Each structure stands twice: as C-alpha cells, then as structure tokens.
Participant: 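Can you keep this structure in mind? I'll have questions shortly.
These values consider heavy atoms only, across backbone and side chains, with no hydrogens, waters or symmetry-generated copies. Fair warning: this is a prediction, and the values are worked out from it, not measured in the lab. Heads up: numbering here begins at 1 and tracks the sequence.
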Amino acid sequence: MNNTMYKYLYIDDTRERLEEGMINALQDNSNIEITFRGPSDWETIIEYLKTELPKHNGIILDLRLNDIAYAKGKYAQYKGSTVAQELRSLTKEGLLNDFPMILFSGTDKLDHYLDPTSKDLFDKIVDKTKIEQPGYFNYEDFKIKLKWLADGYSFLNDLKNRSVEHIFKMDDLTFFDPRFIDHFNSLLTKPIHIVAHFIIKEVIGKPCFLIDENYLSARMGIDKQSEDWSAFLEKISGCKYTGAFSNYFDRWWMPAINKFWQTEISTEQSLRTLGSPKRIELLIEKTGLQNLNPLSKTKNAKSESFWVSCKATGISIDTVDGFILAGQENRHPWQEPEYISSDEALRPTKDYSVSITERPRLEKLKNLLEKNEQRIRK
C-alpha cells in the first residue's frame, strides 16, 4: 500500500455545501490532504502560492474567483485561468517546479470563458455543476487520478537526464516509431507540463506502442475473467510499462508482447491472424496455465481474431467488426485508430460518432439487419 501523503491546494471563492462535500470526499479514507484557500489581491495570492506550492503536489483552481467578495467590497480581479497562466510562467522561469493543475468550473459554458490555450494549462477540467449528476464524477477514480498525476510530475521533475530512454524507461529504441522519437525529442526543451500533457494524451491515452488491459486481453484472446489471468500478467511482467505516469493505470509494450509471442509461444503462427480459441490453445500449451478462457464474439461479430476493444464498452472485437470513430483524422502516425463495436454503432450506449468514411458501411449493415428481422417476423 502507498502510504505517501498527497497534498493539493484548493483555491475557490466559496466554501459552501458542494465545495465542503468535495473536500471531505477527497480526504475521506485516503492519503490525500486538501488545503483550502480563498482568493485575495493579486500580489498576495501569487506570493502565497509561490511559498506554499513547493510543499504541495498540485493545485485545484476554481474558474470564477470573483463571484463572492474576499473582503468587504473587494473582489478578485482575476480568474482561475489567469492564476494558472502565471504559475506556468513561474515554472518556465525556473522559480517553481512544474505540478498538476486541475480546474473546477462552475459553469457549463466553458468555451465562453476559456480558449484552447487556456484549457491546455490544466491536466483535468471538472464541471462542478455536474458533480452530483449520476455517472459524471466518481470520487474514488478522481483520487486515483490526483495521485497518478502527482507521481508522474514528480518522476519528470526528478529526472536528471530527460530523454526518450529515461522518461519511458526503455533502452530499445526499436520499440518506438522513429517519427515518435523525432516529435518527442522536439518537446524535451519545453516545460515539463507540456511533456506531461503529451505523454498523457498522445501516448498513454491512445492505443499505440503502449496498450491497456482491454487491448491486451483482445490481442491475447484471453477473457479477463479467466482464473489464470493474473498469473498470465505475471508471466509477461517484463512487458509492462514502468516509465512516466505508469502508476495506477497499467500499460504494456506491444512490441514486447510481439517478442513474447514469437520467442515463447510460436515462431510460425501469427498472433494477429489466429482466432481466440487457437491463441488460447497455444498459450496453455506453452505457459502451462490451464485456466485461460477464450473470448466470445458479440451478437453481430463475425471474427474471433480479436485485436482492439470497443471505446464505449471495452468489449474485444476484431477491426472488421468495428467502426472507426470520428475525429481521428489528425491522429499521430504512431497511434492506432480507435473503434466502437458494430453492436454499439447500431444501438449506442455512449455519445460516440462513427467516422464519415464508415457511415455508408454502417447504413448497409443496418439495412441488412432490418431485412433479416423482417424475414424472421414473416
């Protein structure tokens, strides 16, 4: 168990039922400590933060700090985003170490108050107006994210040598797309929060040379509910990512998984083309783990050669049984496209749109299924 105490400053102009409840929920049964502070005049708040932030792991800022007077007739003449900009400037000047910044917004009209540059100052943005809505905000997940961000920034701040090898803890540069190395190296002279945001959003947050547990399950063809799933993860522990932001959210090196398959399982049979039952057969034979179960196809799936997971539901699918999501036209060359399953595309449970190039295929599938249902009804 991690006994480290994680300390965050929280700057807000109000401490009413919602804010008090948030503070209590974050501190309840956890190793997180929240220090609340109201706004003041500009010089005072900045001097306070310059003194206190080195004693803390990060900061939570409310967007609108001028709704309530901090003294009789005196209101803050700045927003949370203004404070964030000043703090990032201080880190750039070397007056502060970089640190996680979270924005709590009391408005759902965020685009009216923040331009994209201002949004990029923050590691996470939370709409306070939706916190009590079911399904929007989970305090336990948020606690994990606060600790994950703190550990990741601490790792980057403590590095003596900022390089691809040291940041990702991987000496074998063949694991990386050369275009990734060129792009990442161009970021290494920039402030740490820019490097951190890039790792979080463009590497850990996307399927690429690092994959999450759902993708690992799909590519191995193993049902995660298998009795020997944990034993299998231990078997491939050498493939696990241990670099920046590796705490709490597990990732595995896909190039290492490929090597494991080729050296330990089969040099003759391709992992990509085999169906799940055959993958399981070989894995049981070679690893001795008898309680590995194959994945099952969804209702409208045709292939058992699972390779990706549905973005909406997490279920395993082959790419032929999925639809590419919209908004990925500008993805980086080392990133794989993300998919939703045909079942999700036909009967959505989440707010994801199919790429415009996939829509004719989706319409064709809808028409085909509708004709089949009509035939059955007759």
Participant: Check D98 with R88, please: is the shortest side-chain N to carboxylate O separation under 4.0 Å?
Facilitator: yes
Participant: Is there a donor-acceptor pair closer than 3.5 Å between any side-chain N or O of S309 and the backbone N or O of I315?
Facilitator: no
Participant: Check for a donor-acceptor pair, side chain of D123 on one end and backbone N or O of I102 on the other, with a separation under 3.5 Å.
Facilitator: no
Participant: Nearest heavy-atom pair of L96 and K50: which atoms, and what distance?
Facilitator: CD2-O, 3.8 Å
Participant: Considering only NZ, NE, NH1 and NH2 on the basic side and carboxylate oxygens on the acidic side, decide whether D250 and K240 come within less than 4.0 Å.
Facilitator: yes
Participant: Going by the side chain to side chain donor-acceptor pair (under 3.5 Å) test, which pairs reach into residues 166-185, not counting sequence neighbours?
Facilitator: S163-H166, D172-T174, D172-K259, D177-R179
Participant: Let me check something: do L65 and I125 share a hydrophobic cluster, defined by ILVMFWY side-chain heavy atoms less than 4.5 Å apart, either directly or through other members?
Facilitator: yes
Participant: Supply the atom-to-atom distance S342 OG to E358 CD, rounded to the nearest 0.5 angstrom.
Facilitator: 11.5 Å
Participant: Should we say atom NZ of K297 is surrounded by more than 12 heavy atoms from elsewhere, each under 6.0 Å from it?
Facilitator: yes
Participant: Can you tell me how far CG of L233 sits from SG of C239, rounded to the nearest 0.5 angstrom?
Facilitator: 10.5 Å
Participant: Are any of the side-chain nitrogens in R272 or D318 under 4.0 Å away from the carboxylate oxygens of its partner?
Facilitator: yes
Participant: Show every ring pair (Phe, Tyr, Trp, His ring centres under 6.0 Å) that has at least one partner inside residues 10-41, sequence neighbours left out.
Facilitator: Y10-F36, Y10-F104
Participant: Carefully, step by step, assess H332 and F198 under the rule side chain to side chain contact (heavy atoms under 4.5 Å, CB included).
Facilitator: CA-CA 11 Å; H332 292 291; F198 181 82; 4.1 Å; yes
Participant: Would you say the side-chain atoms of S305 pair up with the backbone N or O of L274, donor to acceptor, closer than 3.5 Å?
Facilitator: yes
Participant: Looking at CG of D151 and OG of S246, how far apart are the two atoms once the value is rounded to the nearest 0.5 Å?
Facilitator: 9.0 Å
Participant: Can you tell me how far apart CG (L90) and CG (L49) are? Round to the nearest 0.5 Å.
Facilitator: 9.0 Å
Participant: Has the side chain of N157 got a donor or acceptor atom that lies under 3.5 Å from a matching backbone atom of Y153?
Facilitator: yes
Participant: Counting distance only, does the side-chain N/O of S154 pair as donor-acceptor with the main-chain N or O of A150 below 3.5 Å?
Facilitator: no
Participant: Could you name each residue pair satisfying ring pair (Phe, Tyr, Trp, His ring centres under 6.0 Å) that touches residues 291-315, not counting sequence neighbours?
Facilitator: none
Participant: Does atom CG of L95 have more than 12 heavy-atom neighbours from other groups under 6.0 Å away?
Facilitator: yes
Participant: If I take atom CD1 from residue I324 and atom NZ from residue K311, how far apart are they, to the nearest 0.5 angstrom?
Facilitator: 14.0 Å
Participant: Taking it one step at a time, do R37 and Y48 satisfy side chain to side chain contact (heavy atoms under 4.5 Å, CB included)?
Facilitator: CA-CA 10 Å; R37 160 80 188 221; Y48 169 80; 3.5 Å; yes
Participant: Measuring only between side-chain heavy atoms, which start at C-beta, is L87 closer than 4.5 Å to T91?
Facilitator: no
Participant: Between M220 and I257, does a side chain to side chain contact (heavy atoms under 4.5 Å, CB included) hold up when you go through it step by step?
Facilitator: CA-CA 9 Å; M220 293 292 99; I257 295 296; 3.4 Å; yes
Participant: Would you call E336-R219 a salt bridge at under 4.0 Å N-O?
Facilitator: yes
Participant: Compute the centroid of each ring, for F137 and then for Y139, and state whether the two points are separated by less than 6.0 Å.
Facilitator: yes
Participant: Are R17 and E20 within salt-bridge range, i.e. N to O under 4.0 Å?
Facilitator: no
Participant: Would you say the side-chain atoms of D228 pair up with the backbone N or O of N291, donor to acceptor, closer than 3.5 Å?
Facilitator: yes
Participant: Surrounding NZ of K190 (heavy atoms of other residues, nucleotides or ligands, distance under 6.0 Å), is the total greater than 12?
Facilitator: no
Participant: Can you name the side-chain hydrogen bond (donor to acceptor under 3.5 Å, both in side chains) partners of E140, sequence neighbours left out?
Facilitator: K143
Participant: Donor-acceptor check, side chain of N300 to backbone of D343, threshold 3.5 angstrom: yes or no?
Facilitator: no
Participant: With sequence neighbours excluded, give me every side chain to side chain donor-acceptor pair (under 3.5 Å) pair touching residues 69-79.
Facilitator: none
Participant: May I ask you to decide if E202's main-chain N or O and Q335's side chain share a donor-acceptor pair within less than 3.5 Å?
Facilitator: yes
Participant: Identify whether I211 and F232 are in the same connected component of the hydrophobic contact network (ILVMFWY, side-chain heavy atoms under 4.5 Å).
Facilitator: yes
Participant: Please state whether the rings of F184 and F180 are parallel, tilted or perpendicular, taking 30° and 60° as the class boundaries.
Facilitator: parallel
Participant: Evaluate side-chain hydrogen bond (donor to acceptor under 3.5 Å, both in side chains) for T129 paired with D127, printing each intermediate quantity in order.
Facilitator: CA-CA 5 Å; T129 66; D127 185 347; 2.5 Å; yes
Participant: Going by an N to O cut-off under 4.0 Å, is there a salt bridge joining E338 and K206?
Facilitator: yes
Participant: Apply side-chain hydrogen bond (donor to acceptor under 3.5 Å, both in side chains) to N31 and K147, showing your working.
Facilitator: CA-CA 9 Å; N31 51 342; K147 292 186 276 190; 3.2 Å; yes
Participant: With no hydrogens and no angle check, is any side-chain donor or acceptor of S226 less than 3.5 Å from a backbone partner on L292?
Facilitator: no
Participant: How would you list, by chain and number, every residue that makes a ring pair (Phe, Tyr, Trp, His ring centres under 6.0 Å) with W253, sequence neighbours excluded?
Facilitator: F175, F176, F209, Y241
Participant: Please go through L325's hydrophobic cluster and name the other residues, only I, L, V, M, F, W, Y counting, with side-chain heavy atoms under 4.5 Å joining them.
Facilitator: F323, I340, L346, Y352, V354, L362, L365, L369
Participant: Could you work out, with side-chain hydrogen bond (donor to acceptor under 3.5 Å, both in side chains) as the rule, every residue matching T357, not counting sequence neighbours?
Facilitator: S355
Participant: Taking atom CG of D158 as the centre, does the number of heavy atoms from other residues, nucleotides or ligands within less than 6.0 Å exceed 12?
Facilitator: yes
Participant: Applying the 4.5 Å side-chain criterion to the ILVMFWY set and letting contacts propagate, would F260 and M170 be lumped into a single cluster?
Facilitator: no
Participant: With sequence neighbours excluded, tell me which residues meet side-chain contact (heavy atoms from CB on, under 4.5 Å) with K145.
Facilitator: K124, W148, L149
Participant: List in chain and number order the residues that pass side-chain contact (heavy atoms from CB on, under 4.5 Å) with C208, two or more places apart in sequence or in another chain; answer none if no residue qualifies.
Facilitator: V203, L210, W334
Participant: May I ask whether L216 and Y248 are part of the same hydrophobic cluster, defined by side-chain heavy atoms of I, L, V, M, F, W, Y residues being less than 4.5 angstrom apart, directly or through others?
Facilitator: no
Participant: How would you list all residue pairs meeting salt bridge (charged side-chain N to carboxylate O under 4.0 Å, His left out) that involve residues 53-63, not counting sequence neighbours?
Facilitator: E52-K55, D62-K128
Participant: Do other residues, nucleotides or ligands put more than 12 heavy atoms under 6.0 Å from K224 NZ?
Facilitator: yes
Participant: Do any N or O atoms from the side chain of S217 and from the backbone of I222 form a donor-acceptor pair under 3.5 angstrom?
Facilitator: yes
Participant: Could you check whether atom CD of E227 has more than 12 heavy atoms from other residues, nucleotides or ligands sitting under 6.0 Å from it?
Facilitator: no
Participant: Is there a continuous path of hydrophobic side-chain contacts, each under 4.5 Å between heavy atoms, that joins I68 to W42?
Facilitator: no
Participant: Just jot down the side-chain hydrogen bond (donor to acceptor under 3.5 Å, both in side chains) partners of E234, sequence neighbours excluded, or say none.
Facilitator: none
Participant: Which heavy atom of T287 sits nearest to which heavy atom of K235, and what is that distance?
Facilitator: O-NZ, 3.6 Å
